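Down below is the structure, laid out as structure tokens.
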Amino acid sequence: MQKLLELYKQWKGEEPANVQQIPGAGSNRTYFRLTDSDGKSVVGVVGTSRDEDHAFIYLTEHFTRRKLPVPRILAASDDQLRYLQTDLGSTSLFDAVRGGREAGGRYTLKEQELLKRTIRELPNVQIRGARGLDFSNCYPQAEFDVDSVLFDLNYFKYCFLKATEIDFHELKLEADFRLLAKDLTNDEYEVGDCFLYRDFQARNVMLDGDGKPYFIDYQGGRKGPYYYDLASFLWQASARYPHKLRRDLVYEYYNSLKDYTEVPPVRHFANRLSLFVLFRTLQVLGAYGFRGYFEQKKHFIDSIPPAIQNLRELLNSSSRFDYPYLMEILKQLTELPQFQQIEATASRADGYKTTELNPYKAHPQDGPATFSKYDAQGPLVVKVYSFSYGKGIPQDESGNGGGYVFDCRSTHNPGRYEPYKKLTGLDEPVIRFLEDDGEILTFLDSVYKLADAHVRRYIQRGFTSLMFCFGCTGGQHRSVYSAQHLAEHIHEKFGVEVRITHREQNITQTLEAAE
């Protein structure tokens, strides 16, 4: 710490007025915010690995010359174990989209726009950042290759797969690992030099006051395929990006990539991306296994179920993977009882409430349903009206906009015959006429199917009001018959309260709810 203060004084010409330690990243480096008497601050870093610090300093200075959105190195010690960089503030993309993440993937439009701005900027760093870059300065290796892939796959095998106690054939699994490693490192559409960020995630993106993204913690980067970073960002287990948003972000990235290099065909791009999603998922499971199962860190244990869900969705997608034994083992992995429970999500931090009172079976990618003020307010009351179209459709009094309006005028009208002109659809002669003719029965058969499904769903959701209206020429025969019969049908089948109003006949009736 003292040597860092000496470096600051040498650069600034005076000691800082205030020193505050700030949270670090994944490495062993320690970070401090050093503030002068005018309130202007810089970030001071104390490292433990010269090679790692050298990689960050070299990459940062190179990216700065390329005018990329990264911090600037202000001063560094001779051994590069201490350095000063510009202060990008305290708002990370991870913090800015917390509400959507904690709501199980229900991101607001503002949060989605921040994600899109970030993903559009990534090709700038990957492609322009690679131009003129001496990859020999990268740490711990210069290039993404077969050996590094096999290292990560074996990390998954020993730190995660073995811990689940699934029985597997080592040699068969190793053979598929080698095929996967070969496919990941060979691409007929390879674009040449590309900077693989390696740890591209929301925590490593800082936002300025206007929401512009700046990139940090890329010291583990190397030469490699751009698919890796896209998979790392969009399939991060804790982010819970819904399918549509993830698809939109891939689209944004692909179109931004066109501005920097020639892109492969869409189908090839999608297939290659799926391959890297598979690899990245296995890679993070290996890390979660080590940090969770062996180091007993709760955060990593909690991250395993959503990572397994990512794997489950990938295996159930249209993507094809030519590694039959590996696929067999992964399918067994996703079916283990300890991974069947999907983590429940909390209410949104930004005020949007979610509800478990939802009768619909949602896809895991969609997250929980938002809260409706109409849910669980029951019991349900069904209102059934008959009316004359000449006097208008009955008005809804509940405030929810009404329900069904059925036109009975396509059926045979008994009002055209003298014996029935002074009778209604409640009278036996009219009932006999309509039922002997049969058209009204066919009509009501379809109505019952619609009504039954609707009433059943409203009861499940705890809604309080549903309205059915039947209209005919005079509101006397066909509409009255239909309204009365539907009301009695609903009451008999569901036992809810039904209020009947034959408006033009000035008749009302209530069928009380069953106890």
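These values consider heavy atoms only, across backbone and side chains, with no hydrogens, waters or symmetry-generated copies. Note that this is a predicted model, so its numbers are computed, not measured.
Note: Phe144 and Phe276 have tilted aromatic rings, judged against thresholds of 30 and 60 degrees for the angle between ring planes.
Considering all non-hydrogen atoms of both residues, Ala487 and Val498 come closest at CB-CG1, 3.6 Å. Across every non-hydrogen atom of Tyr107 and Glu111, the tightest pair is CA-OE1, 3.2 Å. The minimum heavy-atom distance linking Val205 with Pro213 is given by the pair CG1-CB, 3.7 Å. When all heavy atoms of Ala237 and Asn310 are compared, the pair lying nearest together is CA-ND2, 3.7 Å. When all heavy atoms of Pro414 and Leu434 are compared, the pair lying nearest together is CD-CD2, 3.8 Å. Looking at every heavy atom in both residues, Thr118 comes nearest to Phe215 through O-CZ, 4.1 Å.
The ring of Phe269 has its center closer than 6.0 angstrom to the ring center of Tyr227.
When side chains are defined from C-beta on, Asp445 counts as touching Lys449, because their heavy atoms get closer than 4.5 Å. Counting heavy atoms from C-beta on, the side chains of Ile127 and Cys194 come closer than 4.5 Å. Residues Asn124 and Leu68 form a side-chain contact, since some pair of their non-hydrogen atoms from C-beta on lies under 4.5 Å apart. Two residues are said to be in side-chain contact when any heavy atoms from C-beta on lie closer than 4.5 Å; Pro429 and Tyr420 meet this criterion.
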Problem - Worked check of ring pair (Phe, Tyr, Trp, His ring centres under 6.0 Å) between His477 and Phe433 - result: CA-CA 10 Å; His477 300 101; Phe433 174 95; 8.8 Å; no
Practice task
Take Glu188 and His268 through the test side-chain contact (heavy atoms from CB on, under 4.5 Å) and record every step on the way to the result.
Solution key: CA-CA 10 Å; Glu188 60 180 303; His268 179 86; 4.0 Å; yes
Problem - Residue pair Phe443, Ser482: steps toward the side-chain contact (heavy atoms from CB on, under 4.5 Å) verdict - result: CA-CA 9 Å; Phe443 169 77; Ser482 299; 4.0 Å; yes
Exercise for the section: List the steps and the verdict of salt bridge (charged side-chain N to carboxylate O under 4.0 Å, His left out) for Asp176 and Lys157. Expected result: CA-CA 12 Å; Asp176 274 359; Lys157 179 173 68 175; over 6 Å; no
Problem - Stepwise ring pair (Phe, Tyr, Trp, His ring centres under 6.0 Å) test for Tyr288 and Phe160 - result: CA-CA 8 Å; Tyr288 293 164; Phe160 188 84; 8.5 Å; no
Practice task
Please lay out, stage by stage, how Val430 and Thr424 fare under the test side-chain contact (heavy atoms from CB on, under 4.5 Å).
Solution key: CA-CA 7 Å; Val430 174; Thr424 74; over 6 Å; no
Exercise for the section: Could you walk me through whether Leu115 and Leu93 pass side-chain contact (heavy atoms from CB on, under 4.5 Å), step by step? Expected result: CA-CA 8 Å; Leu115 292 167; Leu93 178 64; 4.0 Å; yes
Problem - Verdict with supporting geometry, Lys244 and Asp248, salt bridge (charged side-chain N to carboxylate O under 4.0 Å, His left out) - result: CA-CA 6 Å; Lys244 182 180 183 302; Asp248 290 346; 3.1 Å; yes
Exercise for the section: List the steps and the verdict of ring pair (Phe, Tyr, Trp, His ring centres under 6.0 Å) for Tyr389 and Phe387. Expected result: CA-CA 6 Å; Tyr389 271 102; Phe387 69 95; 4.9 Å; yes
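Among residue pairs with one or both ends in residues 113-126, those qualifying as salt bridge (charged side-chain N to carboxylate O under 4.0 Å, His left out) are Glu113-Arg120, Arg120-Glu252; sequence neighbours excluded. Pairs of residues two or more places apart, or lying in two chains, that qualify as salt bridge (charged side-chain N to carboxylate O under 4.0 Å, His left out) and include a residue from residues 267-282 are Asp187-Arg272. Applying the side-chain hydrogen bond (donor to acceptor under 3.5 Å, both in side chains) test to pairs two or more places apart or on separate chains, those with a residue in residues 426-442 are His412-Asp437, Glu435-Tyr481. Residue pairs meeting the salt bridge (charged side-chain N to carboxylate O under 4.0 Å, His left out) criterion with at least one member in residues 402-417, sequence neighbours excluded, are Asp407-Arg409.
Taking CZ from Phe463 and CZ from Arg457, the interatomic distance works out to 10.0 Å, rounded to the nearest 0.5 Å. Separation of atoms OG (Ser479) and NE2 (His502) is listed at 8.5 Å; rounding is to 0.5 Å. Here the CG-CG distance, from Asp322 to Leu179, works out to 9.0 Å after rounding to the nearest 0.5 Å. Here the straight-line distance linking atom OH of Tyr385 with atom CG of Asp396 works out to 8.0 Å at 0.5 Å rounding. The CZ atom of Phe321 sits 7.5 Å away from atom CG of Leu315, with the distance rounded to the nearest 0.5 Å. Separation of atoms OG1 (Thr411) and CG (Asn413) is listed at 7.5 Å; rounding is to 0.5 Å.
Looking only at atom types and distance, the side chain of Thr473 has a donor-acceptor partner in the side chain of Arg478 under 3.5 Å away. Between the side chains of Tyr197 and Asn204, no donor-acceptor pair of N or O atoms lies under 3.5 Å.
For Lys298, the NZ atom counts as loosely surrounded, since its 6.0 Å shell holds 12 or fewer non-hydrogen atoms of other residues, nucleotides or ligands. Counting heavy atoms of neighbouring residues, nucleotides and ligands inside a 6.0 Å radius, atom CG of Asn316 exceeds 12 of them. Heavy atoms of other residues, nucleotides or ligands lying less than 6.0 angstrom from CD of Glu492 number 12 at most. By the 6.0 Å contact criterion, OH on Tyr448 is enclosed, its count of non-hydrogen atoms from other residues, nucleotides or ligands being greater than 12. Other residues, nucleotides and ligands contribute at most 12 non-hydrogen atoms within 6.0 Å of the CZ atom of Arg178.
The backbone N or O of Leu257 lies less than 3.5 Å from no partner atom in the side chain of Tyr226, so there is not a single donor-acceptor pair. Using modelled atom types, no side-chain atom of Asp95 and backbone atom of Thr91 make a donor-acceptor pair closer than 3.5 Å. With Arg246 contributing its side chain and Leu234 its backbone, the two residues share a donor-acceptor pair below 3.5 Å. The closest donor-acceptor contact from the side chain of Glu504 to the backbone of Ser388 lies under 3.5 Å. Remark: side-chain polar atoms of Lys297 are not paired, donor with acceptor, to backbone N or O of Gly292 under 3.5 angstrom. Looking only at distances, a side-chain donor or acceptor of Ser317 sits under 3.5 Å from a matching main-chain atom of Leu314. Side-chain atoms of Arg240 come within 3.5 Å of backbone N or O of Ser238 as a donor-acceptor pair. For the pair Gln476 (side chain) and Lys421 (backbone), a donor-acceptor distance under 3.5 Å is present. Put simply, the side chain of Gln283 never gets that close to the backbone of Phe156: no donor and acceptor are under 3.5 Å apart.
Checked against side chain to side chain contact (heavy atoms under 4.5 Å, CB included), Val381 has the following partners two or more places apart in sequence or in another chain: Glu497, Arg499. Not counting sequence neighbours, the partners of Phe233 by the ring-ring contact (aromatic ring centres under 6.0 Å, His included) test are Phe200.
Between Phe468 and the choices Leu486, Ile500, Leu450, the side-chain contact (heavy atoms from CB on, under 4.5 Å) rule is met once, by Leu486.
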